[in-house]
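Reviewing the structure listed below.
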Amino acid sequence: QDGGQLDNNGNIYVSGDWSNNSTTDLFSANRGTVTLNGTDQIIFGEATKFGVLDLSRGEGSVALFTDLLISSEGSLAINDRLLSLNANRLEINNPSSDAITHQAGGIVSENESSIVKWYLGLNTGEYIIPFVNMTGKAIPVSVNALSEDNGTLKVSTYSTDNYNYP
């Protein structure tokens, strides 16, 4: 339904794909958890701002076909899965350095348009974006925010030729 909203104060479990057709913010408040617990899932439709998005209970990859937003108090738990951005943006609005958690999995960027945008705000400390290539090999980006006015970090990874030309 166009313009529909959900009030998630608990847990929503999704074993299939996630499709958001609402042209307004889907969640009226971003307090709850959405867990994708299926196999090789897709997130598509309009961009969705999640409170807590938990990918840890599913298998295979999660592919984005729209932008993915995490709220200012939310988090993203990747654990052992691959999150493929597919020329979309992952936006983390929580300035905490532990807003993204992972174990063996990570974020597949692989082109200039696949961007992780993380609002750091006034926080300091080490921020780790757990990038992996398409085969799952870890290529994490670590940034040590030293000042208390860090703004926003925008990063993408992608393959280049032997001379490192994009």
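Because the structure is a prediction, the values reported are computed rather than measured.
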Original post:
Say you draw a straight line from NZ of Lys154 to NZ of Lys117; how long is it, rounded to the nearest 0.5 Å?
Top reply: 5.0 Å
Subject >> Test side-chain contact (heavy atoms from CB on, under 4.5 Å) applied to Ser72 and Asn94, step by step >> reply: CA-CA 4 Å; Ser72 61; Asn94 182 347; 5.7 Å; no
**OP:** Apply the test side-chain contact (heavy atoms from CB on, under 4.5 Å) to residues Thr66 and Leu64: give CA-CA distance (whole Å), side-chain angles for both, the deciding distance (0.1 Å), then the verdict.
**Re:** CA-CA 5 Å; Thr66 188; Leu64 296 185; 5.8 Å; no
Subject >> Ile92 side chain reached by Ile100 side chain, heavy atoms, under 4.5 Å >> reply: yes
Subject >> Whether Ser156 side chain and Ile115 backbone form a donor-acceptor pair below 3.5 Å >> reply: no
Original post:
Checking Ser114 side chain against Ala87 main chain: does a donor-acceptor pair fall under 3.5 Å?
Top reply: yes
Original post:
Can you name the closest pair of heavy atoms from Ser22 and Leu26 and give their distance?
Top reply: CB-CD1, 4.2 Å
Subject >> Candidate pair Leu76 and Val52, rule side-chain contact (heavy atoms from CB on, under 4.5 Å), full reasoning >> reply: CA-CA 6 Å; Leu76 172 64; Val52 176; over 6 Å; no
Original post:
Where do Glu46 and Asn21 come nearest, in terms of heavy atoms and distance?
Top reply: CG-C, 4.3 Å
Original post:
Looking at Ile12, Leu55, Asn11, which hits side chain to side chain contact (heavy atoms under 4.5 Å, CB included) with Val34?
Top reply: Ile12
Original post:
Atom OH of Tyr158 and atom CD of Glu112: how far apart are they, to the nearest 0.5 Å?
Top reply: 4.0 Å
**OP:** Applying side-chain hydrogen bond (donor to acceptor under 3.5 Å, both in side chains) between Arg81 and each of His102, Glu59, Gln103, Gln41, report the one that passes.
**Re:** Gln41
Subject >> Reported CG-to-CZ distance for the pair Asn86 and Phe44, which is rounded to 0.5 angstrom >> reply: 13.5 Å
Original post:
Closest heavy-atom contact between Gly51 and Ser71?
Top reply: CA-OG, 3.6 Å
**OP:** For the residue pair Asn37 and Thr35, confirm or rule out a side-chain donor-acceptor distance under 3.5 Å.
**Re:** no
Subject >> Asn20 side chain to Thr48 side chain, donor-acceptor N/O pair below 3.5 angstrom >> reply: yes
Original post:
Do side-chain atoms of Asp80 reach the backbone of Ala104 as a donor and acceptor pair under 3.5 angstrom?
Top reply: yes
Subject >> Spacing of Lys49 atom NZ and Ile70 atom CD1 [to the nearest 0.5 Å] >> reply: 10.5 Å
**OP:** Identify whether Leu83 and Val14 are in the same connected component of the hydrophobic contact network (ILVMFWY, side-chain heavy atoms under 4.5 Å).
**Re:** yes
Subject >> Donor on one side chain, acceptor on other, Asp98 and Ser96, under 3.5 Å >> reply: yes
**OP:** Determine, using ring centers only, whether Trp18 and Phe65 are less than 6.0 Å apart.
**Re:** no
Donor-acceptor contacts under 3.5 Å from residues 124-135 side chains, at least two apart:
residue: Glu126; atom: OE2; partner: Ser142; partner atom: OG; Å: 2.5
residue: Tyr127; atom: OH; partner: Pro95; partner atom: O; Å: 2.5
residue: Asn133; atom: OD1; partner: Thr135; partner atom: N; Å: 3.0
residue: Asn133; atom: OD1; partner: Thr135; partner atom: OG1; Å: 2.7
residue: Asn133; atom: OD1; partner: Gly136; partner atom: N; Å: 3.1
residue: Asn133; atom: OD1; partner: Lys137; partner atom: N; Å: 2.9

**OP:** Tell me whether Tyr13 is reachable from Leu53 by hopping between hydrophobic residues (I, L, V, M, F, W, Y) whose side-chain heavy atoms are closer than 4.5 Å.
**Re:** no
**OP:** Output the distance between atom OG (Ser61) and atom CG (Leu82), rounded to the nearest 0.5 Å.
**Re:** 6.5 Å
Original post:
Do side-chain atoms of Asp17 reach the backbone of Ile42 as a donor and acceptor pair under 3.5 angstrom?
Top reply: yes
Original post:
What are the two closest heavy atoms between Ala145 and Leu120, and how far apart are they?
Top reply: CB-CD1, 4.4 Å
Subject >> Distance in Å, Leu36 CG paired with Ile43 CD1, rounded so as to fall on 0.5 Å steps >> reply: 5.0 Å
Original post:
Any link between Leu153 and Ile78 through a network of hydrophobic side chains (Ile, Leu, Val, Met, Phe, Trp, Tyr) touching at under 4.5 Å?
Top reply: yes
Subject >> Hydrophobic cluster partners of Tyr119 (side-chain heavy atoms under 4.5 Å) >> reply: none
**OP:** Applying side chain to side chain contact (heavy atoms under 4.5 Å, CB included) between Asp67 and each of Leu85, Leu90, Asn88, report the one that passes.
**Re:** Asn88
Original post:
Which heavy atom in Trp118 sits nearest to a heavy atom in Ser97, and how many Å separate them?
Top reply: CH2-O, 3.7 Å
